[in-house]
Amino acid sequence: MSGNEFDFIIVGAGSAGCVLAERLSRDSRFKVLVIEAGGSDRKLRIRVPIGYGFTFKDPKVNWCYSGEPDPELGGRSGYWPRGKVIGGSSSINAMVYCRGLPHDFDDWAEAGADDWDWQSVRPVFERSETKARRRGNGFDTHGNGPLWVTDETDQAHPVTGRFLTAAKEAGWPTTDDLNGTAPEGLTIFHNTTRAGWRCSAADAFLRPALRRGNIKLVSNAHVDHLIFDGQRVSGVAYRLCGKKRQALARREVLVSAGAVNSPKLLQLSGIGPADVLQSYGIAVRRHLPEVGGGLQDHLAVNYYYEATVPTLNNQLQPWRSRILAALQYALTRRGLLSLGINQCGGFIRSTPDAPQPDMQIYCNPATYSTGSGAAPQIDPEPGFLLSYQPCRPTSRGRIDIASSDPDDAPRIRPNSLTTNEDCAAIMRGARLLQRLIETPTMVKLIKSPRQPDLRNLSDEEALNDFKQRAATVYHPTSTCRMGTNKSNSVLDARLRVHEVEGLRVVDASAFPNLTSGNTNAPTIMLAQKGADMILEDLKAAG
Ligand SMILES: Cc1cc2nc3c(=O)[nH]c(=O)nc-3n(C[C@H](O)[C@H](O)[C@H](O)COP(=O)(O)OP(=O)(O)OC[C@H]3O[C@@H](n4cnc5c(N)ncnc54)[C@H](O)[C@@H]3O)c2cc1C
């Protein structure tokens, strides 16, 4: 494909961008350009599921952002990994596949995103998915979407069985599939893997679509700003190998640069809060105060335990076990290399009268530290960690440019725990986890807790501990959210930027609210539905 004119230009080949590329290129009349700042994802550390420990801080595939000091988190700055590679964050994430809870999407509709209620989005999730479970040397599959979601329960570490038993003793429900008809309860997570390999959005959607020949993928290319033709966005300016280039879009530019970089790109292009833009000498094309506002994220805190029985630590630490695991993986694509460390968890109600499950729990059969080293360090003694994350925080932060230089990282201000509701949820979550560790099965499993010992913490102490140690679980959303008007949002319910023609934002930044669980699945769903809307609008326009 030659020339610099396309029907659609997609900025970012992440979870959403890969879906858009696949959908829009189905019509061979459309020429689609995908521009991605990162490079190739053909790396073992990306493809082998356990490898994400090695991409966590690798600047070759990761933007490695930092948040600003967060006042309610003791002034600490959090580490914010984001994928900078083909596949985006779906190439470096922990692969847990979680649609979220039905009321999350009903709340999207309530916030003004008409047609994004659960009944409307459920079939859109299904369209992407093939649910797979190992049987013998093959797989039983259900559905025929391009994204494989694999039930690896038989590969999970045996100690996860004890977590499930303890959950029952605590009176919690358990479930086989948190994406099924009963999403509440502790479970073994299903993963975006296919036959033992990571199944990123690039693997599922982009790579097969590239064979059609009407997509041009330009990698290692950074989009600096959007180009305007009057009121309409008509293209993008980008840099490739240090050279400035432009590409033009006959129909639309679709920004899918993720919750951190999409608002940044809009602001650099003159779409955003006028005062922020003017302070960096950027001409204001559209004063849209909510560009960068509305940021939401999940925070979680880990409690570590030395275990009385072997855990993943025993397999991941000694070289001999690692070599055996590598051999098993090489020969069978099974074993501990074929899945992540986040093996067990789920949605639980923190009090019996909670109208919805309001905590996401993680029970990881390993302990590790994420210090200054490139990859998390697994502890030598057997151990596990328990963690909780309030599902639906109400605090909102902001992401804004820090200068007019596209190479400068934006200012990430999470503004965590600034509502009483969020602080109350933290205390409820601590009590919930206390119930789990007091069960007979957990008492037997715990050799010793690492300090602080959750059992001895009062509500206030637990809140204080959370403030001192909690960290993002990498689910930022809503920085260009859908809504009804420019005072409460950036996009309308069809993902179009208010008062700007030819431009949509299609990625996790468009969520009106953060969903209850992990954000990759709802981002992929959002891009599927976004593609429907783009094509419908095109048809309607004749
Ligand atoms: C370490 C980690 C673990 C996670 N674990 C899970 C999990 O287990 N389960 C889950 O559901 N979710 C998980 N997530 C979150 C999930 O992966 C993301 O919510 C999802 O991938 C977001 O998709 P996106 O399309 O919005 O953005 P991304 O997938 O991040 O894609 C954005 C793309 O745009 C590119 N880009 C940005 N700016 C520019 C520019 N100016 N020019 C060109 N290209 C640009 C980026 O390089 C990137 O490839 C995790 C995330 C991380 C970082």
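Whatever order the structure lists them in is the order used to number ligands and atoms, beginning at 1. Model, not experiment: these values are computed from the prediction.
Checking side-chain atoms of Lys43 against main-chain N and O of Ser40 turns up a donor-acceptor pair under 3.5 Å. Side-chain N or O atoms of Asp422 include one that pairs as donor or acceptor with a backbone N or O of Ser395 at under 3.5 Å. No donor-acceptor pair under 3.5 Å is formed between the side chain of Lys264 and the backbone N or O of Arg411.
Shown here are the ring pair (Phe, Tyr, Trp, His ring centres under 6.0 Å) partners of Tyr388, two or more places apart in sequence or in another chain: Phe466.
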Practice item. Walk me through it: do Trp108 and Phe511 pass the test ring-ring contact (aromatic ring centres under 6.0 Å, His included)? Key: CA-CA 7 Å; Trp108 282 19; Phe511 290 18; 4.9 Å; yes

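Within 4.0 Å of ligand 1, protein heavy atoms come from Val11, Gly12, Gly14, Ser15, Ala16, Ile35, Glu36, Ala37, Trp63, Pro81, Arg82, Gly83, Lys84, Val85, Gly88, Ser89, Ser90, Ile92, Asn93, Ala94, Met95, Val96, Ala221, His222, Val223, Ser256, Ala257, Gly258, Asn261, Tyr474, His475, Asp507, Ala508, Asn518, Thr519, Asn520, Thr523.
The shortest side-chain heavy-atom distance between Leu514 and Arg392 does not fall under the 4.5 Å cut-off.
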